Each structure stands twice: as C-alpha cells, then as structure tokens.
Amino acid sequence: IVEYVRRAEPELGVEDVFDSARQLTTHYYQWLIVHEILPQFVGTAMVKDVLAHGGRHYPTAQTGMTIPVEFQIAYRFGHSMVRPSYRVNFSGAGGAPFFAMLFEPQTGGGEPSDMRGGARANRRFIGWQTFFRFPGFETDTRPNKRLDTKLSSPLFDLPLGAIAAGTPPTSLAERNLHRHLTWQLPSGQAIARAMGVAPIDAAHLIDIGGIYPPFATSTPLWFYILREADLGGGNTLGPVGGRLVAEVFMGLLRADPSSFLNQSPAFVPTLGQTPGQFTMVDFLNLAGVGKKR
C-alpha cells in the first residue's frame, strides 16, 4: 500500500506517505470487518440492520470508545470454533505439511511441537492457504468448527503457561462460566428480554440445568449465546449474540472519528482482484504473504 500511495501521490514526503498508507490500510481493514468478517459471524441481515439503523442497545458512539462488559463474554464465542489441531502450512516441515496440536505436553528443551508461540522456526510460518480460500487452493482450506456448545478437548486442560495468571482452573469452559458469575452479568435470558427477543425455552437448556438447576432459566451469557447459535444451525450467532457483537463493533467504528464510516462513508475498495470488492485474501496478497508455503 505504501507503493500504491507513492504512485498515486508522488508529491508526498516520506512521513506523509506513511501516514496516508497507514490510514488507507486501516480503512481497508475496517471495510473488511463490516463487509466480510462480521457477516460471517452475525449474518448479512444483522450487519445491514445495524448499518442502517445504528445500535439499539449498545450505542458506543454516544458513550465514547468503550466496550460493554457483556461483550467481554460474548466475543468468546470463537472458543467453540477452535479445532484441536491444525495444518499450519503445506511445506514447512522438510517439504511436508506441518501439523500441530493446539497444546501438547512439553518434554525437555528445544522447539515446542504444538501451536504455542515464542519459538521462531521456518517450519512454523503460517501458510495462509490453509485458513483462507485463495484461488486455486479452495479445496485445501480447513473451515472453522460450527458455533455450538462443544469445545475441542485441549481447551478443557489448558497448560498453565497459556493462562495469563498462571493458575487454575485449566478448563476454558469453567473459566468462562466463572467470569459470568464473578462479574455479576445478567443472564442470557435477561439480555434477550431487554432486546425484545424471545428467550430460549428452558427445554433447550436442560443439560446446563443439570449442572446447576437455575442455569436452565437464568443461563450464563457465554453458554446462552452458543446454544442460541446452535439452535439456529451453528453457521452464525443468533439474535442476541449477533446483535451484541455487531452493535459493539459498529459502534466502535462510529465512535472513532478517523474510521472510514466517518471519514469516507462512501469508501469503495479498488485494490482487490474484483473492482468494488475486497476480501481477506486480497489483504494478504497485498501484504505479500499469500504465496504457498
């Protein structure tokens, strides 16, 4: 993008080129959030509604650049999409694909065999074609798990080194449920009613009610959002989780005076493969990391 700015505005000095390229990069990434990333998580209809009508429940444009505490739980919906292991690249391990578990017990020193960071090695560089559908490699992409209340097994036994505090509990599910209780958040049902959405019937929450009976009618938000998504097919978040996530993201963009929504509301991407469109694949190609490894 720096080279693009230099060609488009040859009169700019070095610092101005950098500032212009940084702003353009930011606007392109923000455009991606609104037009590609959020629709995949919350659905296109929800994004269009929030774009057209603004936030109904989380108007961060009025409260400044703040994130509601409910979002600190809601954004953890991604935990259910994590697989226990990944093919990190195609040819990083002596010309063969490098597969790695999220977490594995470490014995001795040297480079870890799992996906934890802090160990730079050629075989560990990400091959982005395993995560995004580049032309010619569509069948090589591994999709995320669906949104539901099931977690991959490594997330039930986190290494203490992967926990910021370095202390138990080591179950990610337990930690998320504890957050809901210790932060004294409203239940998923209470938030649904505040949004004017019919709460999930308790018959669909018998399993968590078996752990603690009140949870069937007053469900921790994290579990509620995942069950809501699961009941809707698991491809996107449901009406409560989707609106919470969409309104916070869009609200933050609206609250930022330098965002493309405020500075260039008619912004149309021109640097992608298709005029007027721009994807994460285009973004990675511009960054020069789209080549197969």
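As the structure is a computational prediction, the values presented were derived from the model and not from experiment.
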Using a 3.5 Å distance criterion without hydrogens, assess whether the side chain of [X] forms a donor-acceptor pair with backbone atoms of [Y].
X      : Y      : result
Asp282 : Thr279 : yes
Glu247 : His57  : yes
Asn262 : Asp256 : yes
Thr130 : Asn89  : no
Ser264 : Phe260 : no
Glu70  : Leu244 : no
Ser171 : Glu174 : yes
Ser218 : Pro214 : no
Lys150 : Ser80  : no
Arg76  : Gln72  : yes

**Study point:** Step-by-step side-chain hydrogen bond (donor to acceptor under 3.5 Å, both in side chains) determination, Thr219 to Gln189
**Key:** CA-CA 7 Å; Thr219 310; Gln189 289 88 341; 2.9 Å; yes
With rounding to the nearest 0.5 Å, note down the distance linking [atom1] in [X] to [atom2] in [Y].
X      : Y      : atom1 : atom2 : value
Phe132 : Asn285 : CZ    : CG    : 11.5 Å
Leu221 : Arg179 : CG    : CZ    : 13.0 Å
Tyr29  : Glu36  : OH    : CD    : 10.5 Å
Gln129 : Leu284 : CD    : CG    : 9.0 Å
Ile225 : Ile73  : CD1   : CD1   : 8.5 Å
Arg124 : Asp114 : CZ    : CG    : 7.0 Å

Excluding sequence neighbours, so at least two apart, what forms side-chain contact (heavy atoms from CB on, under 4.5 Å) with [X]?
X      : value
Thr167 : Ala165
Thr44  : Pro39, Lys48
Pro220 : Leu177, His180, Ile208, Phe215
Leu12  : Val5, Glu9, Asp16, Val17, Ser20

Flag the pair [X] / [Y] as yes when at least one side-chain heavy-atom distance between them is below 4.5 Å, and no otherwise.
X      : Y      : answer
Ile200 : Leu205 : yes
Met250 : Val34  : yes
Tyr75  : Val245 : no
His178 : Pro169 : yes
Leu160 : Thr170 : yes
Leu261 : Leu51  : yes
Leu24  : Phe267 : yes

Practice item. Could you please spell out the steps behind the side-chain contact (heavy atoms from CB on, under 4.5 Å) verdict for Glu228 and Leu237? Key: CA-CA 7 Å; Glu228 181 187 59; Leu237 293 169; 5.6 Å; no
Of all heavy-atom pairs between [X] and [Y], which one has the smallest distance, and what is that distance?
X      : Y      : result
Met195 : Pro239 : SD-O, 4.4 Å
Leu252 : Met65  : O-SD, 3.7 Å
Phe278 : Pro269 : CB-CB, 3.6 Å
Pro168 : Arg175 : C-NH1, 3.9 Å
Arg123 : Pro112 : NH2-O, 3.9 Å
Phe103 : Pro159 : CG-CD, 3.6 Å

Check your understanding: Do you see a donor-acceptor pair shorter than 3.5 Å between the side chains of Ser258 and Gln263?
Key -> no
Point to revise | Any donor-acceptor N or O pair under 3.5 Å, side chains Ser113, Glu104 | key: yes
Between [X] and [Y], is there a side-chain N and carboxylate O pair less than 4.0 Å apart?
X      : Y      : value
Asp148 : Arg227 : no
Arg146 : Asp230 : yes
Arg120 : Glu111 : no

Exercise for review: Show your reasoning for whether side-chain contact (heavy atoms from CB on, under 4.5 Å) applies to Met280 and Leu32.
Suggested key: CA-CA 7 Å; Met280 183 59 75; Leu32 272 178; 4.0 Å; yes
Practice item. Could you walk me through whether Ile126 and Val289 pass side-chain contact (heavy atoms from CB on, under 4.5 Å), step by step? Key: CA-CA 9 Å; Ile126 291 176; Val289 296; over 6 Å; no
Check your understanding: What ring pair (Phe, Tyr, Trp, His ring centres under 6.0 Å) pairs are there with at least one residue in residues 33-53, not counting sequence neighbours?
Key ->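 Passing the test, one end in residues 33-53: Trp31-His35, Phe41-Phe77.
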Check your understanding: Is the number of heavy atoms from other residues, nucleotides or ligands within 6.0 Å of CZ (Phe156) greater than 12?
Key ->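 More than 12 within 6.0 Å, yes.
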Run the ring-centre check on [X] versus [Y] and record whether the distance is less than 6.0 Å.
X      : Y     : result
Phe98  : Phe90 : no
Phe283 : Tyr28 : no
Phe131 : Tyr86 : yes

Study note, to complete from the structure: Residues passing the side chain to side chain donor-acceptor pair (under 3.5 Å) test with Arg83, sequence neighbours excluded, are none
Practice item. Could you please spell out the steps behind the side-chain contact (heavy atoms from CB on, under 4.5 Å) verdict for Arg254 and Val50? Key: CA-CA 11 Å; Arg254 286 196 174 95; Val50 178; 4.2 Å; yes
